[in-house]
Each structure stands twice: as structure tokens, then as C-alpha cells.
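Single-structure report; data block below.
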Number of protein chains: 2
Amino acid sequence: MRWEELDREPCSLARTLSIVGDRWTLLVLRECFLRVRRFEEFEQRLGIARHVLADRLKKLTEAGVLCKKPYQERPRREEYRLTEKGLDLYPVMLSLLDWGDKWMAGPEGPPLLRRHNACGHVAHAVPTCSECGEPLDARSMTVEPGPGAPPAILKAAGGETE
Amino acid sequence: MRWEELDREPCSLARTLSIVGDRWTLLVLRECFLRVRRFEEFEQRLGIARHVLADRLKKLTEAGVLCKKPYQERPRREEYRLTEKGLDLYPVMLSLLDWGDKWMAGPEGPPLLRRHNACGHVAHAVPTCSECGEPLDARSMTVEPGPGAPPAILKAAGGETE
DNA sequence: CTTGACAGGTTCTTTTTTGGAACCCATTGT
DNA sequence: ACAATGGGTTCCAAAAAAGAACCTGTCAAG
């Protein structure tokens, strides 16, 4: 399988990875969630090669995850902001962060914590069922074909569940 | 920043990406969650080059995400299984899948659905606060330095929150 | 006791992607 | 007129990926 074919796979995971499954893209998005918006600032904070950054920003913009907004005319300057689609990646960020906090932190503990404004506690995310509210884990779900399933999907492409 | 330095970054996102932030790795893990365990089966289902597959399985095993278990001696054959650490990536899989279902499905809808065994409904994951149970979104959390924070972290490395 | 068929890799060669640094362009401050 | 600033593009060398062929134990059949 080649990288450009990934977005045509009958698998939501593969399709998502066709947008964010790249070394740099998620780090760029991390900065976006930290309200970084300008080319130079991305470059300085990430230490990314300029043309790689330009490429990622273009792809994310084309994918509708970011949008360009002018913040001044003459000279025209534009900044990159998360769209609705981009903000919707927050659960992905959270789950990656929480896993890193749990499994990749050294003996000192995680470098950053997140405090939930509403309740005031340092918290992590618990994935829960949208229908009944119970916590979800790998063994509690069953995969079945959806409306966009190709005929051969039952044996071929995947979703998840252990 | 170079790829091998990523696991030493003071950022849980970067550290997580040092394990799973790769084109193929998450697709290999998708198959693991679908109970695929053998080299040949990974290869056939993914269409991945054999040495890339061997490399990813080795790295995931070294990282403690997968473990090798012999399922027969003479000839010795081993299968790859998710460890506790690997199973803990389920929230990451779910959030990626849900985003793909929502934003990358064609007009027909998503190719696969997940049904929650406990309540019987087709469901997606909602990230909720581990302390108070309320749903979390990008604007409801504040980042603060944790126990493993290096001195310069307040301005340098990131977590999230829009 | 030779042939062949697995499972599970490794080696080799050709493309793609990176990283690094230099260069370009419009505007504006001095 | 001249350097600085923001936002890129171009060029080259180095690293990683794709593809396909080749290697290695261990049975099992002829």
C-alpha cells in the first residue's frame, strides 16, 4: 500500500492517518492547540525544516483542518487557525497525551498536567460510551459493517476491538 | 529536531509519537486489536513490505507494546500480542476512528461501526473528565507544569488546549 | 534422502522524504 | 538606499520506504 492510497481505504483509521499519520503533523497540531498560529513561530518552537513546515501547513489547510486568516493587509500576513474539523481532533491529542503521561514519563512524572477548569482537578480523559455513558475499553465493543462498507469488508479491512 | 530525539522531549505527545507516530505502526496496531497475531497475516492484510513489518514489530516489542509468545516449538513459531501497555492504546485508536467516521467518511457513511456490548447501541467515544465525569473539549482544560517539567517548560514545550 | 512447502525473516536496489542552508519577494522603518 | 520582517521556495546530501529476491529451520511426501 502506498501513502497516497490511504485516504481511499475502507477504514476510518487509515483515512484519519492519511491526514495526521505523519511524523510532524501532530506536533504542528499540538502547537495549534497551544494557540501558535504563525509560520515563524511554528518553525522556532518545533525546529522543523521550513519547507516541511510549509508542506504540512498546506496539506492541513487543504484537508480543512486548518484555515488561513489574514491578520493584516499591506503587507498581507496570514495566520493558521484550527477549524471545527481541527478542533475535533482534541480527543486524539488527549488520548495520545494521556498514554504518554502514563507510559512514557520518567520516574519524575509527566512534564505537563492538565487541569479541568470546570471541576478544578488535574485530570485525564476517560473514553465513555456516547449512548450509555459507561467507560469503554478494548474488550467492550464489537465491530460490524457500516453503511459505507464494501462487500468484502468483513474479512478484509479493520476497525478495532481486542 | 531529529526523530530519534523525540522520546527525550519533555512532552508526552512527542514521547508517544516516538512509539506510534509512524505511517505503518498504527495500522499494525489496528490489526493487533482485530486479533491478528502472525507475521504472514499482518503482511497479507496490510500489503506492507516485509522488512518494514519486521522492523515495526521489533520496535513495538522493544517498546513493550507487543510481546512475542511461542505458540509451537519445533519449528519454533511466535505470535505477537498486545501487552497491557498496548491495550492501553485503545483510547487512541477509538479517537482516531471516531474522527475518521465523522470527517472522512464519504456520503455513504463510515465503513465500520462499533457496537457497545454493554448497552447494545452503536456508539462512539466521548472523552470525559476522570475526576468529575463531564465531557472534555479543547477549551475546558488548562495546562500546567507537572513533576517532570524542565525549568523552561512554561514557554517551550507543549501539551494542548485551545 | 531429495524435493518442496511453510513461517519468518534478511539483503539488495530504486524511490520518496527529510534536514539544512541558501535564496526570493513585498513592505516598512530608519 | 538599505536592512529587517514575515512567509515562503529552491537545491543538495542523507535517511527511510517500497518492492522484490534470497536465506533458514523444520516438517511431510514421494
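Side-chain atoms are counted along with the backbone in the values below, which use heavy atoms only and exclude waters and symmetry mates. In what follows, chains are A, B, ... by sequence order, proteins preceding strands, each numbered from 1.
Between the CZ atom of A/Arg23 and the C1' atom of C/dT16 there is a distance of 12 Å, given to the nearest Å. For the pair B/Glu43 CD and D/dG19 P, the computed distance is 11 Å after rounding to whole Å. Spacing between atom CD of A/Glu41 and atom C1' of D/dG8 amounts to 17 Å, rounded to whole angstrom units. Here the P atom of nucleotide D/dT26 and the CZ atom of B/Arg77 are 9 Å apart, to the nearest Å. In this structure, the CG atom of A/Leu46 is 15 Å from the C1' atom of C/dT18, given to the nearest Å. Between A/Trp24 atom CH2 and D/dA16 atom P the separation is 14 Å, expressed in whole Å. Distance, A/Ile48 CD1 to C/dG20 C1': 13 Å, rounded to whole Å. The OH atom of B/Tyr71 sits 7 Å away from the P atom of C/dA7 (whole-angstrom rounding).
Across all strands shown, A/Asp55 has no heavy atoms under 4.0 Å from either base or sugar-phosphate atoms. Counting non-hydrogen atoms under 4.0 angstrom, B/Phe42 reaches nothing in the nucleic acid. Residue contacts shown for B/Arg38 are limited to sugar-phosphate atoms, with no base heavy atom under 4.0 Å away.
Of the N and O atoms on the side chains of B/Trp99 and A/Asp88, not one donor lies less than 3.5 Å from an acceptor on the other residue. Counting only N and O atoms by type, the side chains of A/Asn117 and B/Ser140 include no donor and acceptor under 3.5 Å apart.
A/Leu13 and A/Leu26 fall within the same hydrophobic cluster, defined by Ile, Leu, Val, Met, Phe, Trp and Tyr side-chain heavy atoms under 4.5 Å apart, directly or through other members.
You'll find that the side chain of A/Phe39 is closest to D/dG8, out of C/dG9, D/dG19, D/dG8. Ranking C/dT18, D/dG8, D/dA17 by closeness to the B/Asp22 side chain, first place goes to D/dA17.
For DNA chain C, no neighbouring residue in residues 58-69 of chain A is found when judged by any heavy atom under 4.0 Å.
Among residues two or more places apart in sequence or in another chain, the side-chain hydrogen bond (donor to acceptor under 3.5 Å, both in side chains) test is passed with A/Glu131 by none. Remark: B/Glu84 pairs with no residue by the salt bridge (Lys or Arg N to Asp or Glu O under 4.0 Å) rule, at least two apart or across chains. Partners of B/Lys68 by salt bridge (Lys or Arg N to Asp or Glu O under 4.0 Å), not counting sequence neighbours, listed by chain and number: B/Glu78. Residues forming a salt bridge (Lys or Arg N to Asp or Glu O under 4.0 Å) with B/Glu41 (at least two apart in sequence, or on another chain): none.
In this structure, B/Arg38 forms a cation-pi arrangement with B/Tyr71, its terminal cationic atom sitting closer than 6.0 Å to the ring centre and no more than 45° off the ring axis.
In this structure, B/Ala54 and A/Arg56 both approach DNA chain C, and ranking their closest nucleotides by distance from the 5' end singles out B/Ala54. Map A/Ala49 and B/Arg76 each onto its nearest nucleotide of DNA chain C; the residue landing nearer the 5' end is B/Arg76.
Just one residue in the list B/Arg81, B/Arg76, B/Arg77 forms a salt bridge (Lys or Arg N to Asp or Glu O under 4.0 Å) with B/Glu79, and that residue is B/Arg81.
Contact annotation: the side chain of B/Val126 never approaches that of B/Leu136 to less than 4.5 Å [non-hydrogen atoms, C-beta and beyond].
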Under 3.5 Å, N/O pairs linking protein and nucleotides 10-14 of chain D:
none

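Phosphate contact (OP1/OP2 of D/dG6, side-chain N/O of A/Tyr80, threshold under 4.0 Å): absent.
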